[in-house]
Amino acid sequence: MDAESARAAICAAVRAIPAGKVSSYGAVAARAGLPRRARLVGRVLREAGEADLPWHRVLHADGRLAAPLRSALGRRQARLLLAEGVRVHAGRVAAACFVDGGDADALLWASPQRALRRR
DNA sequence: ATTTTGACGACCC
DNA sequence: TGGGTCGCCAAAA
């Protein structure tokens, strides 16, 4: 799979995330047929820039936004998510907001303990 | 040609 | 809670 088709597959996977839901870089990569290529997803989104992509629906696997809330990118993402009904707390979203759903515990609050770490 | 650098993430101590 | 390590790998330096 060449770089260009990989980019296309990733964009398609990102566009497939429904509004009001989020997914992680790693999950997007996997759905694009590129397991373990989370970093590539991040790079593609960064390069996509202002492209017509719901990039804000992609965040870290532990629920943290793509960038710290203090950064311009982080705040832009929080604003976009909030606009479509995704609750953002201290720069994080609950595991239940992920398209891939969280496990039972996660449904009660955020899943991995590490995700609760605030920053 | 080699090293560094990330919009990552699972693990380990 | 907080740091490292290691896998991954395309660009930039």
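Keep in mind it's a predicted model, so treat the numbers as computed, not measured. The figures here come from the full heavy-atom set of this structure, side chains too, leaving out hydrogens, waters and symmetry mates. In what follows, every chain begins at residue 1, and chains take the letters A, B, ... in the order their sequences are listed.
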A:Ala38 side chain, from C-beta outward: closest of B:dG9, C:dG7, C:dA10: B:dG9
Where the side chain of A:Leu40 is concerned, which of B:dC8, C:dA10, B:dA10 is the nearest nucleotide? C:dA10
Spacing of [atom1] belonging to [X] relative to [atom2] belonging to [Y], to within rounding of 0.5 Å:
X       : Y       : atom1 : atom2 : value
A:Arg92 : A:Cys97 : CZ    : SG    : 10.5 Å
A:Leu40 : A:Ile10 : CG    : CD1   : 4.0 Å
A:Leu59 : A:Gln77 : CG    : CD    : 6.0 Å

Does CZ belonging to A:Arg15 count more than 12 external heavy atoms closer than 6.0 Å? yes
Should we count CG of A:Asp52 as having more than 12 external heavy atoms under 6.0 Å? no
Take the protein atom [atom1] of [X] and the nucleotide atom [atom2] of [N], then report the distance between them rounded to whole Å.
X       : N      : atom1 : atom2 : value
A:Arg64 : B:dA10 : CZ    : C1'   : 13 Å
A:Arg43 : B:dG9  : CZ    : P     : 15 Å
A:Arg36 : B:dG6  : CZ    : C1'   : 19 Å
A:Leu34 : C:dA10 : CG    : P     : 10 Å
A:Asp62 : B:dC8  : CG    : C1'   : 10 Å
A:Leu65 : B:dG9  : CG    : C1'   : 17 Å
A:Leu45 : B:dC8  : CG    : C1'   : 11 Å
A:Glu47 : B:dG6  : CD    : C1'   : 11 Å

Note: contacts of residues 7-15 of chain A with DNA chain B (heavy atom, under 4.0 Å) are none
Who pairs with A:Arg7 by salt bridge (Lys or Arg N to Asp or Glu O under 4.0 Å), at least two apart in sequence or on another chain? A:Glu4
Looking at A:Arg37 and C:dG7, is any side-chain donor or acceptor paired with a base atom of the opposite kind under 3.5 Å? no
Please classify the nucleic acid contact of A:Arg46 as base, sugar-phosphate, or nothing, using heavy-atom distances under 4.0 Å. base
Derivation and outcome, side chain to side chain contact (heavy atoms under 4.5 Å, CB included), residues A:Ile17 and A:Val28: CA-CA 9 Å; A:Ile17 304 171; A:Val28 166; 4.1 Å; yes
Specify the residues of residues 20-30 of chain A, ordered by number, for which at least one heavy atom lies under 4.0 angstrom from an atom of DNA chain C. none
Sub-4.0 Å heavy-atom contacts from residues 52-60 of chain A onto DNA chain C, ordered by number: none
Are A:Leu73 and A:Trp55 close enough, and set up right, to give a side chain to side chain contact (heavy atoms under 4.5 Å, CB included), and what steps lead you there? CA-CA 11 Å; A:Leu73 181 69; A:Trp55 63 271; 3.8 Å; yes
Going by the rule side-chain contact (heavy atoms from CB on, under 4.5 Å), which residues pair with A:Arg46 if we only count those two or more places apart in sequence or in a different chain? A:Arg43
With sequence neighbours excluded, give me every side chain to side chain donor-acceptor pair (under 3.5 Å) pair touching residues 19-35 of chain A. A:Ser23-A:Arg31, A:Ser23-A:Asp100
Please confirm whether the backbone N or O of A:Leu81 pairs with a side-chain atom of A:His56, one donor and one acceptor, at under 3.5 Å? no
Kindly indicate, with the supporting measurements, whether the criterion side chain to side chain contact (heavy atoms under 4.5 Å, CB included) is fulfilled by A:Arg57 and A:Val99. CA-CA 10 Å; A:Arg57 310 216 264 250; A:Val99 285; over 6 Å; no
